[in-house]
Amino acid sequence: MDDVINVAGHRLGTAEVESALVAHEAVAEAAVVGFPHEIKGQGIFAYVILHTGAAADGDPTELIGALKEQVRHVIGPVATPDELMIVPGLPKTRSGKIMRRILRQIAAGEYTDLGNVTTLADPEIVDQLIEAHRVLSAG
C-alpha cells in the first residue's frame, strides 16, 4: 500500500515523490512523509541520503534547491517538498523496512514518544535525525 499525502487538496503518493528525488544523480535513497502544515493541511517532508562523495560536490543549500526543482519538473509544483533534509541514514528494521512512523513524528517535531526503537538495525540514527531536525527548525 502506498502512503498518500493530501497537500492543499491534492492527493500525492509518497513513492512518486521519492522516485522523482532518486532520479537525481546525487541521491542514493529517499523517504517522504507528510507533516502538519498550517496552510496546506499537510506538507511534504523529504529525507534524502546521498551517494558517497555527492555531499562534497558543492553547497548543500544549492543541492537542496536542485532536488526540489527536480520534483517540480518531474511531478509539478504541488509536489515540491516543503522541507528537505540530507541525512546519513534512515530508521530501518533489521529486514530493511523504513520506519515511516518515526520519520513522520520527527518531521512533526514530536520527539518525546517515538515508541520502541530497539528493533531498528541502527537505533542511533534516530538521535541523529532528531538533532538534524532541531537544527533545521532553528534555522
Asker: Any idea which heavy atoms bring P91 and L103 closest together, and the distance?
Answerer: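 Closest approach of P91 to L103: CD-CD2, 3.6 Å.
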Asker: Supply the atom-to-atom distance L67 CG to I86 CD1, rounded to the nearest 0.5 angstrom.
Answerer: 6.5 Å
Asker: If I take atom CE from residue M99 and atom CD1 from residue I106, how far apart are they, to the nearest 0.5 angstrom?
Answerer: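 Result: 11.0 Å between the selected atoms.
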Asker: Going by heavy atoms in the side chains, are K68 and L84 under 4.5 Å from each other?
Answerer: yes
Asker: Tell me the closest heavy-atom pair linking A79 and V71, and the distance in Å.
Answerer: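 Looks like O-CG1, 3.2 Å.
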Asker: Can you sort out the partners of E110 under side chain to side chain contact (heavy atoms under 4.5 Å, CB included), two or more places apart, ordered by chain and number?
Answerer: Q105, A108
Asker: State, to 0.1 Å, how close A28 and V22 come at their nearest heavy-atom pair, and which atoms those are.
Answerer: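 The pair with the smallest heavy-atom distance is O-CG1, 4.4 Å.
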Asker: For A107, enumerate each residue passing the side chain to side chain contact (heavy atoms under 4.5 Å, CB included) test, keeping only those at least two apart in sequence or located in another chain.
Answerer: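 If we apply the side chain to side chain contact (heavy atoms under 4.5 Å, CB included) test to A107, skipping adjacent residues, the hits are V33, F35, F45, Y47.
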Asker: Which pair of heavy atoms, one from V32 and one from A46, lies closest together, and at what distance?
Answerer: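 Taking V32 first and A46 second, the nearest heavy atoms are CG2-CB, 4.1 Å.
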Asker: Checking the side chain of T80 only, and the main-chain atoms of P77 only, is there a donor and an acceptor separated by less than 3.5 Å?
Answerer: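 Yes; at least one donor-acceptor contact below 3.5 Å.
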Asker: Considering only residues two or more places apart or on different chains, which pairs with a residue in residues 77-101 satisfy salt bridge (Lys or Arg N to Asp or Glu O under 4.0 Å)?
Answerer: D3-R100, E18-R100, E29-K92, K40-D82
Asker: Looking only at heavy atoms, which two atoms of P88 and Q128 are closest? And how far apart?
Answerer: CG-OE1, 3.3 Å
Asker: Can you pull the ring pair (Phe, Tyr, Trp, His ring centres under 6.0 Å) pairs that have at least one residue in residues 83-109, sequence neighbours excluded?
Answerer: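 Residue pairs with at least one partner in residues 83-109: there are none.
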Asker: So which atom in A31 and which in L90 form the shortest heavy-atom distance, rounded to 0.1 Å?
Answerer: CB-CD1, 3.9 Å
Asker: Quick one: CD on Q42 to NE2 on H10, what's the gap to the nearest 0.5 Å?
Answerer: 13.5 Å
Asker: Show your working on side chain to side chain contact (heavy atoms under 4.5 Å, CB included) between V27 and I49 and close with a plain yes or no.
Answerer: CA-CA 6 Å; V27 179; I49 299 173; over 6 Å; no
Asker: Please list all pairs meeting ring pair (Phe, Tyr, Trp, His ring centres under 6.0 Å) that have one or both residues in residues 77-107, counting only residues at least two apart or in different chains.
Answerer: none
Asker: Look up atom CG in L12 and atom CD1 in I75, then write down how far apart they are to the nearest 0.5 Å.
Answerer: 7.0 Å
Asker: Dump the intermediate steps for side chain to side chain contact (heavy atoms under 4.5 Å, CB included) on L120 and I102, then the final yes or no.
Answerer: CA-CA 11 Å; L120 297 176; I102 294 171; 4.0 Å; yes
Asker: Atom CD in E69, atom CD1 in I64: separation rounded to 0.5 Å?
Answerer: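 These two atoms lie 14.5 Å from each other.
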Asker: Output all residues satisfying ring pair (Phe, Tyr, Trp, His ring centres under 6.0 Å) with H24, sequence neighbours left out; order by chain, then residue number.
Answerer: none
Asker: Kindly write out the residues that satisfy side-chain hydrogen bond (donor to acceptor under 3.5 Å, both in side chains) with N116, not counting sequence neighbours, or none if the list is empty.
Answerer: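 If we apply the side-chain hydrogen bond (donor to acceptor under 3.5 Å, both in side chains) test to N116, skipping adjacent residues, the hits are T118.
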Asker: Once you round to the nearest 0.5 Å, how far does CG of L136 lie from CG of L129?
Answerer: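 So the gap between those two atoms works out to 11.5 Å.
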Asker: Considering residues at least two apart in sequence or located in another chain, which fulfil the side-chain hydrogen bond (donor to acceptor under 3.5 Å, both in side chains) criterion with T93?
Answerer: S95
Asker: Looking at residues at least two apart in the chain, or sitting in another chain, which of them share a side-chain hydrogen bond (donor to acceptor under 3.5 Å, both in side chains) with T112?
Answerer: none
Asker: Determine which pairs satisfy salt bridge (Lys or Arg N to Asp or Glu O under 4.0 Å) with at least one residue from residues 115-131, sequence neighbours left out, and list them in order.
Answerer: none
Asker: Let's go through L114 and I130 carefully: what are the C-alpha distance in whole Å and the side-chain angles of both, what is the deciding distance for side chain to side chain contact (heavy atoms under 4.5 Å, CB included) to 0.1 Å, and is it a yes or a no?
Answerer: CA-CA 11 Å; L114 294 175; I130 290 170; 3.6 Å; yes
Asker: Taking ring pair (Phe, Tyr, Trp, His ring centres under 6.0 Å) as the cut-off, I'd like each qualifying pair that reaches into residues 103-126, sequence neighbours left out, listed once.
Answerer: Y111-H133
Asker: According to side-chain hydrogen bond (donor to acceptor under 3.5 Å, both in side chains), who are the partners of T61, at least two apart in sequence or on a separate chain?
Answerer: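 side-chain hydrogen bond (donor to acceptor under 3.5 Å, both in side chains) check on T61 returns nothing, list empty.
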